[in-house]
Amino acid sequence: MPPITFEKCDLIGGCSWQHEFVTATSLSWDVVSVDKPEDVNVVIGQAHFIKTVEDLHEALVGVSPSIRFGLAFCEASGPRLVRRTGNDSELVELATHAALAIAAGHCFVVFLREGFPINVLNPVKAVPEVCGIYCATANPVDIVVAVTPRGRGIVGVIDGQTPIGVETDRDVAARRDLLRAIGYKL
């Protein structure tokens with residue numbers, strides 16, 4: 001393969017080397033709604049290894065003995081199974097259903113009860129296999145998935161609704177009071 005030279009690139013014609021590296025392929029989009037009960041939070045991310053499911057399980061149980069969770073991980077090669085675990089069978093089933101609907105390689109879905117994403121995000125991000133987090137929310141969420149002949153990948157998320165205004169001084173006071181009432185600020 002010849003070395004890449006950027007001198008042959010121009011704004012109108014592009015680069016002469018692109019034909020070697022850029023392939024024409026089909027691309028389509030899917031939007032997957034994540035169905036969950038109102039009292040459940042969801043964390044969706046990407047990891048890279050079959051060991052992920054066990055390491056995420058250990059990270060989650062290490063947060064609190066009272067946290068309830070279900071976890072599903074889409075294996076991207078080999079048997080390509082949805083790997084699943086958790087300490088709440090309902091949440092394991094919900095996570096499995098969501099992972100199957102998303103069907104993007106190496107994505108994981110965690111459903112939480114009796115705990116919040118803020119409590120688990122750092123331990124989840126500290127798992128060596130975790131590449132990134134797409135969302136952590138209690139809101140309804142849609143997953144934007146790109147589909148090519150190679151497979152499916154999460155491109156982004158739609159997390160909640162659009163703003164309808166800007167907070168007033170009264171709203172600021174209410175926000176601050178809420179954070180103190182639930183113990184997140186002194």
Side-chain angles (χ1 to χ4, degrees), residues 25-161 182-184:
T25 188
S26 64
L27 172 68
S28 63
W29 303 94
D30 284 346
V31 177
V32 179
S33 292
V34 175
D35 295 323
K36 62 174 203 57
E38 269 190 45
D39 68 326
V40 171
N41 286 273
V42 63
V43 177
I44 299 174
Q46 184 169 5
H48 70 88
F49 189 47
I50 191 173
K51 184 169 141 332
T52 301
V53 76
E54 291 181 34
D55 288 353
L56 282 173
H57 183 108
E58 291 171 2
L60 292 165
V61 297
V63 169
S64 166
S66 64
I67 197 169
R68 310 303 305 153
F69 71 93
L71 160 66
F73 171 70
C74 292
E75 191 174 46
S77 58
R80 296 192 339 242
L81 301 172
V82 173
R83 306 292 180 165
R84 58 196 182 138
T85 187
N87 61 10
D88 182 303
S89 60
E90 176 194 2
L91 296 178
V92 171
E93 287 306 310
L94 286 170
T96 303
H97 177 76
L100 282 169
I102 297 167
H106 286 146
C107 79
F108 64 85
V109 178
V110 177
F111 281 112
L112 299 170
R113 258 197 192 113
E114 299 173 36
F116 298 99
I118 194 169
N119 305 122
V120 303
L121 278 177
N122 283 335
V124 166
K125 290 187 280 188
V127 171
E129 301 88 50
V130 171
C131 301
I133 304 293
Y134 292 107
C135 70
T137 187
N139 293 334
V141 78
D142 291 334
I143 308 300
V144 181
V145 179
V147 183
T148 72
R150 178 165 288 162
R152 296 165 59 87
I154 296 175
V155 177
V157 298
I158 312 297
D159 176 8
Q161 299 176 330
I182 62 175
Y184 278 105

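In this chain, numbering begins with 1 at the start of the sequence shown.
If you take CD1 on Ile102 and CZ on Arg152, they are separated by 9.0 Å, rounding to the nearest 0.5 Å. For the atom pair Cys74 SG and Ile154 CD1, the distance stands at 8.0 Å (nearest 0.5 Å). Annotation: the span from Asp39 atom CG to Leu112 atom CG amounts to 11.0 Å, rounded to 0.5 Å. Rounding to the nearest 0.5 Å gives a distance of 8.0 Å between NE2 of His106 and CD of Gln46. Separating the CG atom in Asn41 from the CG atom in Leu91 is a distance of 10.5 Å, to the nearest 0.5 Å. In this structure, CG on Leu94 lies 12.0 Å from CZ on Arg84, to the nearest 0.5 angstrom.
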**OP:** Could you check Phe73 against Leu56 for side-chain contact (heavy atoms from CB on, under 4.5 Å), going step by step and ending with a plain yes or no?
**Re:** CA-CA 10 Å; Phe73 171 70; Leu56 282 173; 5.9 Å; no
Subject >> Candidate pair Val124 and Phe108, rule side-chain contact (heavy atoms from CB on, under 4.5 Å), full reasoning >> reply: CA-CA 11 Å; Val124 166; Phe108 64 85; 4.0 Å; yes
Subject >> side-chain contact (heavy atoms from CB on, under 4.5 Å) assessment of Val42 paired with Thr137 >> reply: CA-CA 5 Å; Val42 63; Thr137 187; 3.8 Å; yes
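Using a 4.0 Å cut-off between charged side-chain N and carboxylate O, Glu54 and Arg83 make no salt bridge.
A 4.5 Å side-chain heavy-atom check between Ser33 and Pro140 finds every atom pair outside the cut-off. Here the side chains of Phe111 and Val34 are in contact, with some heavy-atom distance below 4.5 Å. With a 4.5 Å cut-off on side-chain heavy atoms, Asn119 and Ile67 do not count as touching. Residues Val155 and Trp29 form a side-chain contact, since some pair of their non-hydrogen atoms from C-beta on lies under 4.5 Å apart. The shortest distance between side-chain heavy atoms of Val120 and Val110 does not fall below 4.5 Å. Taking the side chain as every heavy atom from C-beta outward, Tyr134 and Ile143 never approach each other to under 4.5 Å. Put simply, the side chain of Val92 does not reach to within 4.5 Å of the side chain of Thr85, judged on heavy atoms.
Each of Ile158, Asp159, Val157 was scored for a side chain to side chain contact (heavy atoms under 4.5 Å, CB included) with Asp142, with one residue passing: Ile158.
Heavy atoms only, all atoms of each residue included: Ala104 and Gly153 are closest at CB-CA, 4.0 Å.
Dense packing is recorded around CZ of Arg113, with more than 12 heavy atoms of other residues, nucleotides or ligands lying under 6.0 Å away.
Classification of the Phe69-His57 ring pair by plane angle, with boundaries at 30° and 60°, yields perpendicular.
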